[in-house]
Amino acid sequence: SATLPISRCRTLCAIACADPEVPESWSSDLPRPSIDLQMRWQVLRNHAQMPGVELPPDTIVIQDALKISAETGAMLGEDPRLRQSAWSDIDHMLRSAQAPELLALRDLQERSAGLMANDISSVGDETEALWFFRAYPWAQSAHEVMLKYGEDALRAGRRHWAERAFQDVLTHANDSELLDMATLGYWLALAGQSDRQQDLARAMSDVPDDTALPWRGAMTPAAQIKAAICDPVTADDGPHPPPLSELRREKIQLTAAMADVEPFAPSQTSTTYGLGPWTLRRIEAVGSRFFVTGSRHLACYDASLQKNVWLCDEPLLSHNAVIEERPAMLGQSWSSVVGDHVGASSGRAAIYRLTAKSRDGVRTHNVTARDSDSGKVLWSTNGKDEWAALRPQSEAIAGEGCAYVLAAGNRSGRSPSMYLVCLNSVDGSIAWKRVLGELPENNDLRDLALGGSAITLHEGAIYVATDAGLFARCDVRDGALEWVR
């Protein structure tokens with residue numbers, strides 16, 4: 001699990017791991033394994049190293065290790081620069097075992113999980129469903145709960161959640177009916193992601209066309225199902241973008257307020273925050289509108305790029321009240337600051353903006369969501385009690401009903417911790433937050449070349465790189481930390 005699964009994250013990882021001076025104390029905030037978990041983990045590892053022996057005969061040892069790691073989120077690691085999820089490591093070990101070796105564990109887990117499944121399903125709590133699967137990942141009852149989780153996520157438009165849930169079923173179940181339904185769910189989750197069409201084609205190629213699968217109440221040949229799923233995808237693709245040489249150059253008529261902004265002078269502070277001699281930070285097209293982000297302004301233009309539809313402008317204040325904004329973050333999937341619809345109160349996409357204000361020596365950092373149609377504020381983290389000990393550190397990445405942001409925790413007498421925070425896009429409330437590690441006590445240890453922090457979503461996982469040199473992978477559904485270095 002220490003190997004990066006996607007090429008787009010290799011550069012980020014190389015950057016995050018480049019500084020050899022990062023102290024070992026960075027991981028002091030991460031949950032450590034208890035003595036009980038360490039003992040059971042050692043038993044598992046010893047058996048894995050024996051020739052011809054994968055799992056210990058005492059399945060209770062395995063089950064205890066899974067439950068403890070699922071409940072505590074403990075991180076393991078002999079390498080001082082790497083911490084891995086104990087649950088993920090145990091699960092990886094179990095998935096590499098031969099099918100007959102898992103039969104006793106499946107039976108043990110089902111005896112307990114079967115008694116709890118109805119209550120878990122009836123409550124409908126997503127957090128409980130995820131815990132249930134992680135505690136009993138080889139029980140059929142847990143697979144049924146996770147299958148429902150994936151179906152609900154698909155209906156809610158959360159395709160990355162659904163993809164991860166169906167993958168969980170596909171990699172753990174042995175019931176043919178559940179596997180067939182998870183296969184269809186996985187296809188549908190990939191079909192809803194415009195950048196995953198090659199993955200969808202590969203997944204479909206693994207299933208012969210004459211295979212009968214459950215589809216709309218009847219057993220249907222896979223070839224017909226593939227066509228039904230792929231046709232709408234092809235229709236939605238539209239024309240491919242022209243080559244770069246054929247693109248037209250367009251000019252944006254900046255408002256006087258944006259054109260008059262003075263560039264930031266080079267300094268350690270401005271470099272760390274990604275600021276420099278640029279009036280504009282990013283330009284993004286959504287539908288027939290263009291959104292232009294500056295260090296102190298956010299402007300909306302029509303398709304001609306000449307008419308300013310609306311402008312969110314804050315007064316150019318004196319040196320003791322500066323408004324700053326980060327530039328665009330790295331990452332391809334969900335790299336947009338323009339999210340999806342945020343509810344009936346707006347019916348429009350939301351635009352997320354990170355600003356920092358200083359007044360009388362006190363600086364506050366806020367994430368604000370604005371209506372893309374009018375520019376009006378939908379919500380802000382400013383003044384919320386749950387942000388009293390947190391300071392946003394990155395531009396929010398938006399999509400599928402959530403916005404993700406990196407934040408530093410304010411703690412007196414100790415180095416701050418870095419968190420991945422998930423916000424509800426409707427009201428800005430914190431859905432969950434996960435600690436990634438502790439920041440260096442000396443800010444000079446931070447590599448200024450890492451100015452800004454990146455968040456990237458890929459295949460149901462969130463990859464984050466912080467300007468303190470931390471690089472991590474988390475589960476998109478609840479932020480469960482899988483590895484960090």
Side-chain angles (χ1 to χ4, degrees), residues 244 247-329 335-339 342 346-383 392-398 403 405 428 451-452:
L244 184 61
L247 292 179
R248 295 181 304 162
R249 290 187 178 185
E250 300 285 356
K251 293 183 179 180
I252 299 177
Q253 183 64 49
L254 295 181
T255 64
M258 296 188 79
D260 289 342
V261 172
E262 292 289 336
F264 285 89
S267 67
Q268 177 171 329
T269 300
S270 64
T271 305
T272 302
Y273 274 82
L275 299 170
W278 307 283
T279 298
L280 302 183
R281 300 288 174 255
R282 68 185 299 156
I283 302 172
E284 186 167 358
V286 179
S288 61
R289 296 286 178 90
F290 288 83
F291 299 93
V292 180
T293 303
S295 60
R296 296 183 176 94
H297 303 84
L298 177 63
C300 175
Y301 286 83
D302 66 3
S304 70
L305 292 175
Q306 301 301 306
K307 180 181 178 181
N308 178 228
V309 180
W310 53 258
L311 174 71
C312 294
D313 121 354
E314 312 214 34
L316 302 183
L317 303 174
S318 59
H319 67 280
N320 65 341
V322 179
I323 299 174
E324 301 170 346
E325 178 168 336
R326 297 242 188 185
M329 297 298 103
S335 61
S336 173
V337 294
V338 182
V342 294
S346 169
R348 306 286 183 179
I351 303 175
Y352 301 89
R353 190 165 185 246
L354 173 65
T355 58
K357 297 183 180 180
S358 296
R359 291 185 183 277
D360 301 324
V362 178
R363 171 171 289 190
T364 60
H365 296 69
N366 308 298
V367 177
T368 300
R370 292 182 178 272
D371 188 306
S372 62
D373 188 55
S374 65
K376 294 181 179 179
V377 173
L378 299 172
W379 53 259
S380 173
T381 60
N382 184 37
Q393 293 289 296
S394 74
E395 187 173 320
I397 301 302
V405 65

Under 3.5 Å: donor-acceptor pair, side chain of Trp310, backbone of Ser372: yes
Worked check of side-chain contact (heavy atoms from CB on, under 4.5 Å) between Glu284 and Ile351: CA-CA 11 Å; Glu284 186 167 358; Ile351 303 175; over 6 Å; no
Intermediate values then yes/no, side-chain hydrogen bond (donor to acceptor under 3.5 Å, both in side chains), Asn366 and Thr368: CA-CA 6 Å; Asn366 308 298; Thr368 300; 5.9 Å; no
Stepwise side-chain contact (heavy atoms from CB on, under 4.5 Å) check, Asp373 with Arg289: CA-CA 9 Å; Asp373 188 55; Arg289 296 286 178 90; 3.8 Å; yes
Leu305 CG to Gln253 CD distance, which is reported to the nearest 0.5 Å: 11.0 Å
Residue pair Val309 / Asp302: nearest heavy atoms and the distance that separates them: CG2-N, 3.7 Å
Shortest non-hydrogen contact between Leu378 and Ala350, atoms and distance: CD1-CB, 4.0 Å
Any Cys312 side-chain heavy atom under 4.5 Å of Arg370 side chain: yes
Minimum heavy-atom distance between Tyr352 and Ala398, given as atom pair plus value: CE1-CB, 3.2 Å
Distance (rounded to the nearest 0.5 Å) between Tyr301 OH and Leu311 CG: 7.5 Å
Distance in Å, Glu250 CD paired with Ile283 CD1, rounded so as to fall on 0.5 Å steps: 11.0 Å
Residues in side-chain hydrogen bond (donor to acceptor under 3.5 Å, both in side chains) contact with Gln306, at least two apart in sequence or another chain: none
